[in-house]
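Below is one structure, written out as C-alpha coordinates; comments come after it.
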Amino acid sequence: MTASLRHRNYRLFFFGQLVSVIGTWMQTIAQSFLVLDLTHSGTQLGLTTAARFLPILLFGQAGGLYADRRDKRRILLVTQTSAGLLALVFALLTATHDIRLWSVYLLAIALGFVNVFDNPARQAFITEMVPPGDLANAVTLNSVAMNLARVFGAALGGVLAAALGLALCFTLNAVSFGAVLLSLLAMRVVDLYPAKKATKKPGQIRAGLRYVRGTPGLLVPLIMIAVVGTLAWEFQVSLPLMATKVFGGGAASYGVMASVMGVGAVVGGLVSAARVRPSGRALCLAAIGWGIAILLASAAPSLPFELAALLFVGYGSITFNSMAKTVLQLAATPEMRGRVMALWGLAWLGSTPIGGPIVGWVGQEAGARWSLVLGGVPTLLCGLLALPVLMRIDRRRALVDDAVAYAREDDSSEAKTTTELR
(Lines give C-alpha, C1' and ligand atoms only; values in the text may rest on other atoms or scores of the structure.)
Protein backbone atom coordinates (compact mmCIF):
# COMPACT_ATOMS: atom_id res chain seq x y z
CA MET A 1 0.00 0.00 0.00
CA THR A 2 2.95 2.38 0.64
CA ALA A 3 5.55 0.76 -1.64
CA SER A 4 6.57 4.01 -3.33
CA LEU A 5 7.56 5.58 0.02
CA ARG A 6 10.58 3.26 0.06
CA HIS A 7 12.19 5.60 -2.47
CA ARG A 8 13.88 8.56 -0.77
CA ASN A 9 13.14 11.11 -3.49
CA TYR A 10 9.46 10.26 -3.59
CA ARG A 11 9.27 10.26 0.20
CA LEU A 12 10.68 13.81 0.30
CA PHE A 13 8.25 14.91 -2.40
CA PHE A 14 5.28 13.29 -0.64
CA PHE A 15 5.80 15.06 2.69
CA GLY A 16 6.75 18.36 1.07
CA GLN A 17 3.55 18.32 -0.95
CA LEU A 18 1.54 17.37 2.14
CA VAL A 19 2.69 20.48 4.01
CA SER A 20 2.30 22.78 1.01
CA VAL A 21 -1.20 21.66 0.08
CA ILE A 22 -2.35 22.15 3.68
CA GLY A 23 -1.44 25.79 3.13
CA THR A 24 -3.13 25.83 -0.27
CA TRP A 25 -6.42 24.63 1.26
CA MET A 26 -6.18 27.29 3.94
CA GLN A 27 -5.89 29.87 1.17
CA THR A 28 -8.76 28.27 -0.76
CA ILE A 29 -11.06 28.60 2.26
CA ALA A 30 -9.93 32.18 2.85
CA GLN A 31 -10.33 33.24 -0.79
CA SER A 32 -13.85 31.82 -1.06
CA PHE A 33 -15.07 33.77 1.95
CA LEU A 34 -13.11 36.87 0.98
CA VAL A 35 -15.06 36.96 -2.29
CA LEU A 36 -18.37 36.29 -0.51
CA ASP A 37 -17.58 39.07 1.98
CA LEU A 38 -16.78 41.48 -0.85
CA THR A 39 -19.68 40.62 -3.17
CA HIS A 40 -22.25 38.30 -1.47
CA SER A 41 -22.56 36.70 -4.92
CA GLY A 42 -22.40 33.05 -5.92
CA THR A 43 -21.75 34.06 -9.52
CA GLN A 44 -18.72 36.16 -8.51
CA LEU A 45 -17.44 33.25 -6.41
CA GLY A 46 -17.65 31.05 -9.50
CA LEU A 47 -15.96 33.65 -11.69
CA THR A 48 -13.02 34.25 -9.33
CA THR A 49 -12.53 30.50 -9.04
CA ALA A 50 -12.66 30.29 -12.84
CA ALA A 51 -10.04 33.04 -13.21
CA ARG A 52 -7.46 30.85 -11.49
CA PHE A 53 -7.89 28.11 -14.08
CA LEU A 54 -8.42 30.22 -17.22
CA PRO A 55 -4.70 30.19 -18.18
CA ILE A 56 -4.71 26.36 -17.96
CA LEU A 57 -7.66 26.28 -20.36
CA LEU A 58 -5.86 28.55 -22.82
CA PHE A 59 -2.21 27.51 -22.50
CA GLY A 60 -2.20 24.14 -20.73
CA GLN A 61 -0.84 22.21 -23.71
CA ALA A 62 2.07 24.61 -24.08
CA GLY A 63 2.92 23.97 -20.42
CA GLY A 64 2.80 20.23 -21.00
CA LEU A 65 5.13 20.47 -24.00
CA TYR A 66 7.53 22.59 -21.94
CA ALA A 67 7.54 19.87 -19.25
CA ASP A 68 8.35 17.24 -21.90
CA ARG A 69 11.34 19.30 -23.10
CA ARG A 70 12.83 20.49 -19.79
CA ASP A 71 14.06 19.29 -16.40
CA LYS A 72 10.85 18.92 -14.39
CA ARG A 73 12.55 19.38 -11.02
CA ARG A 74 13.93 22.77 -12.07
CA ILE A 75 10.53 23.82 -13.40
CA LEU A 76 8.98 23.02 -10.02
CA LEU A 77 11.61 25.03 -8.14
CA VAL A 78 10.59 28.11 -10.14
CA THR A 79 6.82 27.55 -10.08
CA GLN A 80 6.62 26.75 -6.36
CA THR A 81 8.66 29.86 -5.50
CA SER A 82 6.35 31.98 -7.68
CA ALA A 83 3.20 30.56 -6.07
CA GLY A 84 4.59 31.30 -2.61
CA LEU A 85 5.28 34.93 -3.55
CA LEU A 86 1.73 35.35 -4.90
CA ALA A 87 0.31 34.01 -1.62
CA LEU A 88 2.43 36.55 0.24
CA VAL A 89 1.00 39.40 -1.87
CA PHE A 90 -2.51 38.11 -1.09
CA ALA A 91 -1.65 38.16 2.64
CA LEU A 92 -0.29 41.72 2.56
CA LEU A 93 -3.25 43.16 0.65
CA THR A 94 -5.75 41.41 2.93
CA ALA A 95 -3.96 42.43 6.15
CA THR A 96 -3.80 46.09 5.08
CA HIS A 97 -7.46 46.05 3.90
CA ASP A 98 -6.34 47.09 0.41
CA ILE A 99 -7.75 43.97 -1.24
CA ARG A 100 -10.36 44.62 -3.93
CA LEU A 101 -12.29 42.31 -6.21
CA TRP A 102 -10.16 43.28 -9.22
CA SER A 103 -6.98 42.38 -7.30
CA VAL A 104 -8.47 38.97 -6.39
CA TYR A 105 -9.04 38.37 -10.10
CA LEU A 106 -5.53 39.55 -10.99
CA LEU A 107 -3.82 37.35 -8.39
CA ALA A 108 -5.97 34.37 -9.34
CA ILE A 109 -5.01 34.73 -13.01
CA ALA A 110 -1.32 35.09 -12.09
CA LEU A 111 -1.49 31.88 -10.06
CA GLY A 112 -3.17 30.25 -13.04
CA PHE A 113 -0.19 31.10 -15.25
CA VAL A 114 2.12 29.54 -12.67
CA ASN A 115 -0.02 26.39 -12.73
CA VAL A 116 0.19 26.18 -16.54
CA PHE A 117 3.77 25.01 -16.04
CA ASP A 118 3.51 23.56 -12.52
CA ASN A 119 0.67 21.06 -13.01
CA PRO A 120 2.03 18.97 -15.93
CA ALA A 121 5.59 19.09 -14.56
CA ARG A 122 4.44 17.98 -11.10
CA GLN A 123 2.25 15.17 -12.40
CA ALA A 124 4.85 13.88 -14.87
CA PHE A 125 7.69 14.22 -12.32
CA ILE A 126 6.09 11.45 -10.21
CA THR A 127 7.13 8.94 -12.88
CA GLU A 128 10.77 10.03 -12.48
CA MET A 129 10.95 9.40 -8.73
CA VAL A 130 9.91 5.72 -8.70
CA PRO A 131 10.51 2.69 -10.96
CA PRO A 132 7.66 1.73 -13.32
CA GLY A 133 6.40 -1.04 -11.01
CA ASP A 134 5.63 1.48 -8.26
CA LEU A 135 4.07 4.14 -10.49
CA ALA A 136 0.41 3.31 -9.82
CA ASN A 137 1.05 3.31 -6.09
CA ALA A 138 2.97 6.61 -6.27
CA VAL A 139 0.19 8.38 -8.22
CA THR A 140 -2.45 7.19 -5.77
CA LEU A 141 -0.40 8.06 -2.68
CA ASN A 142 0.12 11.52 -4.12
CA SER A 143 -3.67 11.87 -4.26
CA VAL A 144 -3.84 10.62 -0.66
CA ALA A 145 -1.40 13.38 0.34
CA MET A 146 -3.58 15.95 -1.40
CA ASN A 147 -6.62 14.84 0.54
CA LEU A 148 -4.86 14.47 3.87
CA ALA A 149 -3.86 18.07 3.30
CA ARG A 150 -7.48 18.94 2.58
CA VAL A 151 -8.56 17.45 5.92
CA PHE A 152 -6.10 19.50 7.96
CA GLY A 153 -5.93 22.55 5.71
CA ALA A 154 -9.69 23.03 5.40
CA ALA A 155 -10.25 22.54 9.12
CA LEU A 156 -7.41 24.92 10.07
CA GLY A 157 -8.45 27.41 7.38
CA GLY A 158 -12.05 27.47 8.58
CA VAL A 159 -11.08 27.93 12.23
CA LEU A 160 -8.38 30.54 11.56
CA ALA A 161 -10.53 32.49 9.08
CA ALA A 162 -13.39 32.65 11.60
CA ALA A 163 -11.24 33.36 14.69
CA LEU A 164 -8.15 35.27 13.57
CA GLY A 165 -8.94 36.61 10.11
CA LEU A 166 -8.29 35.71 6.49
CA ALA A 167 -4.81 37.26 6.19
CA LEU A 168 -3.24 34.60 8.42
CA CYS A 169 -4.44 31.83 6.06
CA PHE A 170 -2.72 33.50 3.11
CA THR A 171 0.46 34.04 5.17
CA LEU A 172 0.69 30.42 6.28
CA ASN A 173 0.19 29.28 2.71
CA ALA A 174 3.13 31.44 1.58
CA VAL A 175 5.32 29.87 4.27
CA SER A 176 4.20 26.32 3.41
CA PHE A 177 5.80 26.44 -0.04
CA GLY A 178 9.16 26.29 1.71
CA ALA A 179 8.52 22.60 2.45
CA VAL A 180 8.27 21.75 -1.26
CA LEU A 181 11.36 23.77 -2.13
CA LEU A 182 13.39 22.05 0.59
CA SER A 183 12.20 18.61 -0.57
CA LEU A 184 13.18 19.34 -4.18
CA LEU A 185 16.61 20.65 -3.18
CA ALA A 186 17.26 17.64 -0.92
CA MET A 187 16.62 15.06 -3.65
CA ARG A 188 19.40 12.86 -5.02
CA VAL A 189 19.47 13.56 -8.74
CA VAL A 190 21.34 10.29 -9.42
CA ASP A 191 18.41 8.32 -7.99
CA LEU A 192 15.86 9.80 -10.41
CA TYR A 193 14.46 7.92 -13.44
CA PRO A 194 14.51 10.76 -16.00
CA ALA A 195 12.26 10.40 -19.01
CA LYS A 196 13.69 11.01 -22.46
CA LYS A 197 13.20 14.69 -23.26
CA ALA A 198 11.22 15.59 -26.34
CA THR A 199 13.37 17.28 -29.00
CA LYS A 200 12.24 20.67 -30.19
CA LYS A 201 10.45 20.57 -33.53
CA PRO A 202 7.33 22.14 -35.06
CA GLY A 203 3.87 20.70 -34.55
CA GLN A 204 4.51 18.94 -31.24
CA ILE A 205 1.33 20.17 -29.57
CA ARG A 206 -0.72 18.95 -32.54
CA ALA A 207 1.22 15.68 -32.43
CA GLY A 208 0.16 15.23 -28.80
CA LEU A 209 -3.48 15.87 -29.68
CA ARG A 210 -3.32 13.41 -32.60
CA TYR A 211 -1.71 10.82 -30.33
CA VAL A 212 -4.54 11.10 -27.80
CA ARG A 213 -7.23 11.13 -30.49
CA GLY A 214 -5.82 7.92 -31.94
CA THR A 215 -5.55 6.15 -28.56
CA PRO A 216 -9.01 5.23 -27.21
CA GLY A 217 -7.50 4.20 -23.87
CA LEU A 218 -6.54 7.87 -23.42
CA LEU A 219 -9.35 9.62 -25.29
CA VAL A 220 -12.34 8.08 -23.46
CA PRO A 221 -10.99 8.72 -19.91
CA LEU A 222 -10.09 12.29 -20.92
CA ILE A 223 -13.63 12.94 -22.18
CA MET A 224 -14.99 11.60 -18.88
CA ILE A 225 -12.57 13.79 -16.93
CA ALA A 226 -13.56 16.88 -18.96
CA VAL A 227 -17.29 16.43 -18.30
CA VAL A 228 -16.85 15.59 -14.63
CA GLY A 229 -14.21 18.29 -14.10
CA THR A 230 -16.47 20.94 -15.66
CA LEU A 231 -19.61 20.23 -13.64
CA ALA A 232 -18.81 18.05 -10.61
CA TRP A 233 -15.36 19.15 -9.44
CA GLU A 234 -16.57 22.62 -8.47
CA PHE A 235 -16.79 22.09 -4.70
CA GLN A 236 -14.95 25.37 -4.08
CA VAL A 237 -18.14 26.97 -5.42
CA SER A 238 -20.92 24.56 -4.41
CA LEU A 239 -19.88 23.82 -0.81
CA PRO A 240 -19.55 27.46 0.34
CA LEU A 241 -23.02 28.05 -1.12
CA MET A 242 -24.39 24.98 0.68
CA ALA A 243 -22.76 26.10 3.94
CA THR A 244 -24.17 29.63 3.79
CA LYS A 245 -27.45 29.38 1.85
CA VAL A 246 -28.75 25.98 2.98
CA PHE A 247 -27.30 25.38 6.45
CA GLY A 248 -26.84 29.01 7.59
CA GLY A 249 -23.16 28.66 8.44
CA GLY A 250 -19.96 30.43 7.47
CA ALA A 251 -16.24 29.77 6.99
CA ALA A 252 -16.10 27.33 9.92
CA SER A 253 -19.00 25.27 8.51
CA TYR A 254 -17.39 25.17 5.08
CA GLY A 255 -14.10 24.13 6.67
CA VAL A 256 -15.81 21.22 8.46
CA MET A 257 -17.56 20.14 5.24
CA ALA A 258 -14.32 20.22 3.24
CA SER A 259 -12.49 18.36 6.01
CA VAL A 260 -15.09 15.59 6.21
CA MET A 261 -14.96 15.24 2.44
CA GLY A 262 -11.17 14.99 2.79
CA VAL A 263 -11.47 12.20 5.37
CA GLY A 264 -13.53 10.17 2.91
CA ALA A 265 -10.97 10.92 0.22
CA VAL A 266 -8.09 9.66 2.38
CA VAL A 267 -9.91 6.36 2.96
CA GLY A 268 -10.64 6.08 -0.75
CA GLY A 269 -7.02 6.84 -1.57
CA LEU A 270 -5.69 4.13 0.72
CA VAL A 271 -8.07 1.60 -0.83
CA SER A 272 -7.04 2.71 -4.33
CA ALA A 273 -3.35 2.49 -3.41
CA ALA A 274 -3.75 -1.23 -2.75
CA ARG A 275 -4.78 -1.82 -6.39
CA VAL A 276 -2.02 -3.24 -8.55
CA ARG A 277 -3.27 -1.63 -11.77
CA PRO A 278 -6.51 0.36 -12.07
CA SER A 279 -8.73 -0.58 -15.02
CA GLY A 280 -11.17 1.28 -17.24
CA ARG A 281 -14.02 -0.73 -15.72
CA ALA A 282 -13.00 0.35 -12.22
CA LEU A 283 -12.83 3.99 -13.40
CA CYS A 284 -16.43 3.81 -14.68
CA LEU A 285 -17.70 2.19 -11.49
CA ALA A 286 -15.97 4.93 -9.50
CA ALA A 287 -17.78 7.57 -11.60
CA ILE A 288 -21.13 5.88 -11.05
CA GLY A 289 -20.65 5.63 -7.29
CA TRP A 290 -19.34 9.18 -7.06
CA GLY A 291 -22.31 10.56 -9.00
CA ILE A 292 -24.75 8.84 -6.63
CA ALA A 293 -22.89 10.23 -3.60
CA ILE A 294 -23.02 13.80 -4.97
CA LEU A 295 -26.77 13.47 -5.53
CA LEU A 296 -27.22 12.24 -1.95
CA ALA A 297 -25.27 15.29 -0.71
CA SER A 298 -27.54 17.57 -2.74
CA ALA A 299 -30.62 16.15 -1.01
CA ALA A 300 -29.29 16.06 2.59
CA PRO A 301 -31.96 17.57 4.92
CA SER A 302 -29.53 18.75 7.62
CA LEU A 303 -25.84 19.40 8.20
CA PRO A 304 -25.17 16.02 9.92
CA PHE A 305 -26.70 14.18 6.94
CA GLU A 306 -24.70 16.41 4.60
CA LEU A 307 -21.46 15.51 6.39
CA ALA A 308 -22.30 11.81 6.17
CA ALA A 309 -22.90 12.13 2.42
CA LEU A 310 -19.69 14.14 1.96
CA LEU A 311 -17.67 11.22 3.35
CA PHE A 312 -18.78 9.21 0.31
CA VAL A 313 -18.33 12.21 -2.01
CA GLY A 314 -14.72 12.45 -0.84
CA TYR A 315 -14.22 8.69 -1.23
CA GLY A 316 -15.56 8.84 -4.78
CA SER A 317 -13.58 11.94 -5.73
CA ILE A 318 -10.15 10.51 -5.01
CA THR A 319 -11.04 7.07 -6.33
CA PHE A 320 -12.12 8.56 -9.67
CA ASN A 321 -9.31 11.10 -9.88
CA SER A 322 -6.44 8.82 -8.87
CA MET A 323 -7.67 6.04 -11.18
CA ALA A 324 -8.03 8.48 -14.06
CA LYS A 325 -4.51 9.85 -13.60
CA THR A 326 -3.01 6.39 -13.23
CA VAL A 327 -4.80 5.05 -16.31
CA LEU A 328 -3.47 8.02 -18.32
CA GLN A 329 0.09 7.77 -16.98
CA LEU A 330 0.31 4.04 -17.68
CA ALA A 331 -1.25 4.27 -21.14
CA ALA A 332 0.92 7.20 -22.32
CA THR A 333 4.40 6.72 -23.76
CA PRO A 334 7.14 8.49 -21.71
CA GLU A 335 7.92 11.11 -24.35
CA MET A 336 4.21 12.08 -24.53
CA ARG A 337 3.47 11.95 -20.81
CA GLY A 338 3.86 15.68 -20.15
CA ARG A 339 1.44 16.56 -22.94
CA VAL A 340 -1.04 13.88 -21.88
CA MET A 341 -0.97 15.11 -18.27
CA ALA A 342 -1.38 18.68 -19.53
CA LEU A 343 -4.59 17.47 -21.19
CA TRP A 344 -5.58 15.95 -17.84
CA GLY A 345 -4.98 19.37 -16.26
CA LEU A 346 -6.97 21.02 -19.04
CA ALA A 347 -9.89 18.62 -18.58
CA TRP A 348 -9.85 18.50 -14.77
CA LEU A 349 -8.76 22.02 -13.82
CA GLY A 350 -8.87 24.05 -17.01
CA SER A 351 -12.58 23.33 -17.36
CA THR A 352 -13.29 25.41 -14.23
CA PRO A 353 -13.51 28.71 -16.19
CA ILE A 354 -16.52 27.13 -17.90
CA GLY A 355 -17.98 25.11 -15.05
CA GLY A 356 -17.28 27.44 -12.11
CA PRO A 357 -19.47 30.35 -13.31
CA ILE A 358 -22.20 27.94 -14.46
CA VAL A 359 -22.29 26.14 -11.10
CA GLY A 360 -22.17 29.47 -9.23
CA TRP A 361 -25.00 30.94 -11.31
CA VAL A 362 -27.17 27.83 -10.93
CA GLY A 363 -26.52 27.81 -7.17
CA GLN A 364 -27.51 31.45 -6.91
CA GLU A 365 -30.56 31.39 -9.17
CA ALA A 366 -32.02 27.90 -8.65
CA GLY A 367 -30.68 27.18 -5.16
CA ALA A 368 -27.45 25.82 -3.74
CA ARG A 369 -28.64 22.19 -3.88
CA TRP A 370 -28.90 22.39 -7.66
CA SER A 371 -25.20 23.26 -7.88
CA LEU A 372 -24.53 19.70 -6.66
CA VAL A 373 -27.24 18.09 -8.80
CA LEU A 374 -25.60 19.71 -11.82
CA GLY A 375 -22.45 17.73 -11.06
CA GLY A 376 -23.94 14.47 -9.83
CA VAL A 377 -26.10 13.63 -12.85
CA PRO A 378 -23.38 14.02 -15.55
CA THR A 379 -20.89 12.07 -13.42
CA LEU A 380 -23.32 9.17 -13.11
CA LEU A 381 -24.10 9.24 -16.84
CA CYS A 382 -20.39 9.36 -17.79
CA GLY A 383 -19.74 6.16 -15.86
CA LEU A 384 -22.72 4.36 -17.38
CA LEU A 385 -22.01 5.39 -20.98
CA ALA A 386 -18.24 4.77 -20.90
CA LEU A 387 -18.46 1.39 -19.13
CA PRO A 388 -18.95 -0.86 -22.21
CA VAL A 389 -16.29 1.02 -24.21
CA LEU A 390 -13.59 0.86 -21.52
CA MET A 391 -14.39 -2.78 -20.73
CA ARG A 392 -13.64 -3.66 -24.37
CA ILE A 393 -10.35 -1.73 -24.15
CA ASP A 394 -9.50 -3.59 -20.90
CA ARG A 395 -10.08 -6.94 -22.61
CA ARG A 396 -7.88 -6.02 -25.58
CA ARG A 397 -5.13 -4.77 -23.26
CA ALA A 398 -5.31 -7.97 -21.21
CA LEU A 399 -4.91 -10.06 -24.37
CA VAL A 400 -1.87 -8.04 -25.44
CA ASP A 401 -0.31 -8.29 -21.96
CA ASP A 402 -0.89 -12.06 -21.92
CA ALA A 403 0.69 -12.42 -25.35
CA VAL A 404 3.74 -10.39 -24.30
CA ALA A 405 4.09 -12.39 -21.09
CA TYR A 406 3.79 -15.65 -23.02
CA ALA A 407 6.42 -14.53 -25.55
CA ARG A 408 8.83 -13.57 -22.77
CA GLU A 409 8.27 -16.88 -21.03
CA ASP A 410 8.81 -18.74 -24.30
CA ASP A 411 12.03 -16.79 -24.98
CA SER A 412 13.24 -17.51 -21.45
CA SER A 413 12.56 -21.24 -21.83
CA GLU A 414 14.34 -21.32 -25.20
CA ALA A 415 17.37 -19.53 -23.75
CA LYS A 416 17.47 -21.94 -20.83
CA THR A 417 17.32 -24.96 -23.18
CA THR A 418 20.11 -23.53 -25.34
CA THR A 419 22.28 -23.02 -22.27
CA GLU A 420 21.69 -26.59 -21.09
CA LEU A 421 22.57 -27.99 -24.53
CA ARG A 422 25.84 -26.07 -24.45
Side-chain angles (χ1 to χ4, degrees), residues 12-13 15-39 44-45 47-56 59 63 73-119 121-122 125 145-146 148-150 152-186 236 240 251 254-255 258 345 349 352:
L12 286 167
F13 182 81
F15 289 109
Q17 285 285 297
L18 183 61
V19 172
S20 178
V21 180
I22 286 174
T24 299
W25 268 98
M26 294 173 69
Q27 174 162 318
T28 298
I29 299 287
Q31 182 178 319
S32 294
F33 279 88
L34 175 64
V35 173
L36 287 176
D37 287 345
L38 290 171
T39 67
Q44 285 294 340
L45 177 59
L47 288 170
T48 52
T49 302
R52 176 180 166 187
F53 299 104
L54 181 62
I56 297 176
F59 305 107
R73 178 170 160 271
R74 291 184 179 178
I75 293 173
L76 292 175
L77 285 169
V78 174
T79 57
Q80 294 290 299
T81 300
S82 302
L85 291 174
L86 288 171
L88 185 59
V89 173
F90 240 132
L92 292 172
L93 290 177
T94 305
T96 57
H97 304 288
D98 289 328
I99 194 77
R100 300 291 184 270
L101 186 61
W102 66 265
S103 55
V104 175
Y105 275 109
L106 185 62
L107 288 168
I109 291 172
L111 182 59
F113 275 106
V114 171
N115 286 332
V116 164
F117 300 96
D118 184 83
N119 278 327
R122 183 158 37 86
F125 187 51
M146 301 301 99
L148 275 171
R150 182 195 300 176
F152 296 109
L156 282 172
V159 171
L160 291 176
L164 300 175
L166 303 177
L168 183 59
C169 295
F170 294 119
T171 302
L172 291 175
N173 182 40
V175 173
S176 73
F177 283 99
V180 182
L181 295 174
L182 288 174
S183 73
L184 291 168
L185 291 170
Q236 296 175 44
Y254 173 40
L349 304 172
T352 295

Worksheet item: Which atoms form the tightest heavy-atom contact between Phe59 and Val116, and what is the distance?
Response: O-CG1, 3.4 Å
Worksheet item: Which heavy-atom pair separates Ala91 from Thr171 by the least distance, and what is that distance?
Response: CB-OG1, 3.3 Å
Tell me which donor-acceptor pairs under 3.5 Å the side chains of residues 160-167 have, and how far apart each pair is, sequence neighbours excluded?
none

Response to the item:
Rounding to 0.5 Å, atoms CZ (Arg122) and CG (Asn115) come to a distance of 7.0 Å
Worksheet item: Within a strict 4.5 Å, meaning less than it, do heavy atoms of the Leu36 and Pro240 side chains meet?
Response: yes
Discussion item. Contact between Thr39 and Leu45 at the side-chain level, heavy atoms closer than 4.5 Å - yes or no?
Written reply: no
Item to complete: Rounded to the nearest 0.5 Å, what's the gap from CG on Leu18 to CZ on Phe13? Could you check?
Response: 11.5 Å
Discussion item. Quick check against the 3.5 Å criterion: does Asn173 have a side-chain atom that pairs as donor or acceptor with the backbone of Thr24?
Written reply: yes
Practice prompt. Let me see the working for Ile29 and Cys169 under side-chain contact (heavy atoms from CB on, under 4.5 Å), right down to the final yes or no.
Written response: CA-CA 8 Å; Ile29 299 287; Cys169 295; 5.9 Å; no
Worksheet item: How far apart are the closest heavy atoms of Phe170 and Gln31, and which atoms are they?
Response: CZ-N, 3.9 Å
Using distance only, find each side-chain donor-acceptor pair of residues 77-86 under 3.5 Å and give its atom names and separation, not counting sequence neighbours.
residue: Thr79; atom: OG1; partner: Ile75; partner atom: O; Å: 3.2
residue: Thr79; atom: OG1; partner: Leu76; partner atom: O; Å: 3.3
residue: Thr79; atom: OG1; partner: Asp118; partner atom: OD1; Å: 2.7
residue: Gln80; atom: NE2; partner: Asp118; partner atom: OD1; Å: 2.8
residue: Thr81; atom: OG1; partner: Leu77; partner atom: O; Å: 2.7
residue: Ser82; atom: OG; partner: Val78; partner atom: O; Å: 2.9

Fill in: Minimum heavy-atom distance between Tyr105 and Ala51, given as atom pair plus value
CD2-CB, 3.8 Å
Worksheet item: Can Leu172 and Met26 be said to form a side-chain contact (heavy atoms from CB on, under 4.5 Å), step by step?
Response: CA-CA 8 Å; Leu172 291 175; Met26 294 173 69; 3.3 Å; yes
Discussion item. Has Ser103 got a side-chain atom pairing as donor or acceptor with Ile99's backbone, closer than 3.5 angstrom?
Written reply: no
Worksheet item: Do Arg52 side-chain atoms and Leu111 backbone N/O form a donor-acceptor pair below 3.5 Å?
Response: no
Worksheet item: Between atom CG of Leu54 and atom CD1 of Ile109, what is the distance when rounded to the nearest 0.5 Å?
Response: 6.5 Å
Discussion item. Whether the side chain of Ser183 engages the backbone of Val180 through a donor-acceptor N/O pair (distance < 3.5 Å, no angle test) should be reported.
Written reply: yes
Worksheet item: If you round to the nearest 0.5 Å, how far is OG1 of Thr48 from CG of Leu107?
Response: 11.5 Å
Worksheet item: Just how far is it from atom OG of Ser20 to atom CG of Leu182, taken to the nearest 0.5 Å?
Response: 11.5 Å
